Structures are given as C-alpha cells and as structure tokens.
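Working notes, beginning with the structure itself.
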Amino acid sequence: MKKSYNYLLLFACVLFSFSNANAQISKAEIRATGLTCSMCSNAINKQLKSLPEAVDVATDLNTNTFTVTLKEGNTLSPKVFKEKVEKAGFFIGSLVLTTKAETIKQGAYVVVNNATSDNAEVQIQILDKGYVTEKEFKKLSKSFKNVETYASNNEDDFHIKIIN
Amino acid sequence: MKKIILLLFFLSFGLQAQIKVGDSMPTFTLKNASNEEVSNTSFKNKYVLVDFWASWCGPCRQGNKELVKLYKDSDPSKFEILGISVDTDLTKWKKAIEKDNIKFTQLIDPNGFDAKTALLFGVEALPNQYLFDKNGILIAINPTLEEIQNSIK
C-alpha cells in the first residue's frame, strides 16, 4: 500500500514538473479595442506591467499593439491577458502568443487550423470568444460549427490557430 | 536629517496623483520645436490651458483643430495654450504641428506616459487638459470649449 502511494506521489511529481516546464508563454502580443483609443490610455500598460511575470511591456503605435515579454518558466494562462485588459476597461481585439511547442500539445489547447509547426517556439492566435472581436467571433462560430468545444465557450480551453 | 526630508519630499512627488482644482501650476521647463528651453513661468498673468497630447493619438489630433480655432479667436494678452506632446519621435511631432497648423506654444516631453510633466500632472489618458487662471491656480480639468471661452472672457 505504502509503495503504491509512493509511486503515485512520484508520478504526480513527474506530471507536475512536466506541465510546469512545458506551459510557457514567452511573449504576448495584444491588440486592444474599446470605445476610446487604447493607446491613449495608460491603463492597459499599467495592468500589464503589474504582472509579476512581465519583464517588459512595449507599445507599437503603428499597429496599436502591446507586446509583453514574459519571464522564463512562467505558467501563465492566456486568460490572464484577457483579465488584465478588461480590468483596464478595454477588450482584446487579437491575442498572439509565442509559446514553446510543447505547450500547445497540452489538453487546454485545441488546434483548429490543421497547421503544424516544427519550430521549438510557435506563434499562435487564440480564437475564443473574448480573444477576438465580436464580429470575428460570429464569423468563426460559423466556420467552427463542427468543433463541439468551440461553441461551448469553456474558458479554460483555448482554440488556437498556428501562425508560425 | 536634511537629506531624509529631501528624500521624502521627492518620494511624495513620485507618488503624487493627478493635480486637483485649486492647486498651483507645477513649474517645468521643456524644449520647443526650435530646441529652445521654455519655462511655463513665462506665462504669468494669463489664463493658460495646458494640453497633453501625442501625434499618434487620434482624439488629440481632432482636438487640435478646436484648439487652433480657439487660439485664433482669443486675446493673446489674456490667454495662452501650452501644448505638451509626449511623442517619442520628434519628427512625427513636428510634422503634426505643421499639418494641424498649430501656432500656439508647443513643447516636447518625449517619453510617453512616463514623461516627467505627465507624471507631474498625473496624466492617465490623452488628450488631457488643465485650465489655469491668471494666478496660476487650476480651475478645470478637461474643460469643454465652452467652459474655456466663458472663463477667459
């Protein structure tokens, strides 16, 4: 009994360390939308900088994009960026993440564009509700009407498009 | 001891929130488009509208049109507009001044929301305007065009 318990513990440890090592987002590129000009407010910037995992927050005024560079080894969920942007009073127009290739092989990610990547780091776009504009979401809902999990809007799984 | 007091003084400055109606205008010196230093103390005994903006800020550029007109229709001996751009790209700033046909005082603090004057005033969003009376006392934050006109009459 004790032995099997030990094995279980070992198994849990291995599993835990695995999921930690693999769940890594190194960069998040966020385009925010809202009623007012997102770049004209310091709110999003402040929210993103408040993340302990954020190393740097840069803004590109030509593309209206906030780029967050993240600490190595973090276990952030894409959900964090949505929460931060919404806390600032805006919405996500698009969210592109650079992650380790292993990260998207986890259960939380569902690749919907049939693409694969051989790179060690992949660029993905999150396509779920709240991560694209309302208009785009309606369009995507039609395209993915056969993807059961897409319509269910579970906020802990992410439907992704591999870009690179 | 003196040093500690001085340090606390600067710390309190760093933590300062947005200036409030009734506060005196903070003093600052910034450069204009000709690279000359301009101090805001040179606008004594006039109403002064301090306008924070940037060339990439759409609503600010829209607002510039109104400010240009307001300035043209006002008495320069009584009223001055002090534009402060937080553009980091000076070329884009100068281009915007030219394009928007701005004739009032334009100064640059090229550091975005981290610009010293932006922190001094507590700027959190652009455009952001502060109207001071002849004694340099803040009488309105983000006043409407009408409010400005009524004040400086």
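Computed from a prediction, not measured in an experiment: that's the story for all the values here. Side chains are part of it too, since the values below use all heavy atoms of this structure and drop only hydrogens, waters and symmetry mates. In what follows, chains carry the letters A, B, and so on, assigned in the order in which the sequence lines appear, proteins first and then strands, with residues in each chain numbered from 1.
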Path from [X] to [Y] over hydrophobic side-chain contacts below 4.5 Å:
{"X": "B:Phe52", "Y": "B:Ile148", "value": "no"}
{"X": "A:Val110", "Y": "A:Leu127", "value": "yes"}
{"X": "B:Leu126", "Y": "A:Phe66", "value": "yes"}
{"X": "B:Ile84", "Y": "A:Met39", "value": "yes"}
{"X": "A:Val57", "Y": "A:Phe81", "value": "yes"}

Return yes when atom NZ of B:Lys46 has more than 12 non-hydrogen atoms of other residues, nucleotides or ligands closer than 6.0 Å, and no otherwise.
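Counting neighbours around NZ of B:Lys46, more than 12 heavy atoms of other residues, nucleotides or ligands fall under 6.0 Å, so yes.
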
Atom CG of residue position B:Asp73 - does it have more than 12 heavy atoms of other residues, nucleotides or ligands inside 6.0 Å?
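Enclosed: over 12 neighbouring heavy atoms sit under 6.0 Å from CG of B:Asp73.
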
Select one option (side chain, backbone, both, neither) describing which atoms of B:Asp114 are under 4.5 Å from chain A's heavy atoms.
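Contact with chain A involves the side chain of B:Asp114 alone.
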
Just checking heavy atoms, which of residues 44-56 of chain A are less than 4.5 Å from chain B?
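The residues closer than 4.5 Å to chain B, in numerical order, are A:Lys46, A:Lys49.
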
Do any of residues 136-162 of chain A come closer than 4.5 Å to chain B, heavy atom to heavy atom, and if so which ones, in number order?
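Residues of residues 136-162 of chain A touching chain B at under 4.5 Å: none.
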
Under 4.5 Å, counting heavy-atom pairs only, tell me which of A:Cys37, A:Ala43, A:Cys40 racks up the most with chain B.
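Ranked by heavy-atom pairs under 4.5 Å with chain B, first place is A:Cys40.
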
For the atom pair [atom1] ([X]) and [atom2] ([Y]), what is the distance rounded to the nearest 0.5 Å?
{"X": "A:Leu61", "Y": "B:Asp89", "atom1": "CG", "atom2": "CG", "value": "9.5 Å"}
{"X": "B:Phe113", "Y": "A:Thr59", "atom1": "CZ", "atom2": "OG1", "value": "9.0 Å"}
{"X": "A:Asn62", "Y": "B:Trp56", "atom1": "CG", "atom2": "CH2", "value": "11.5 Å"}

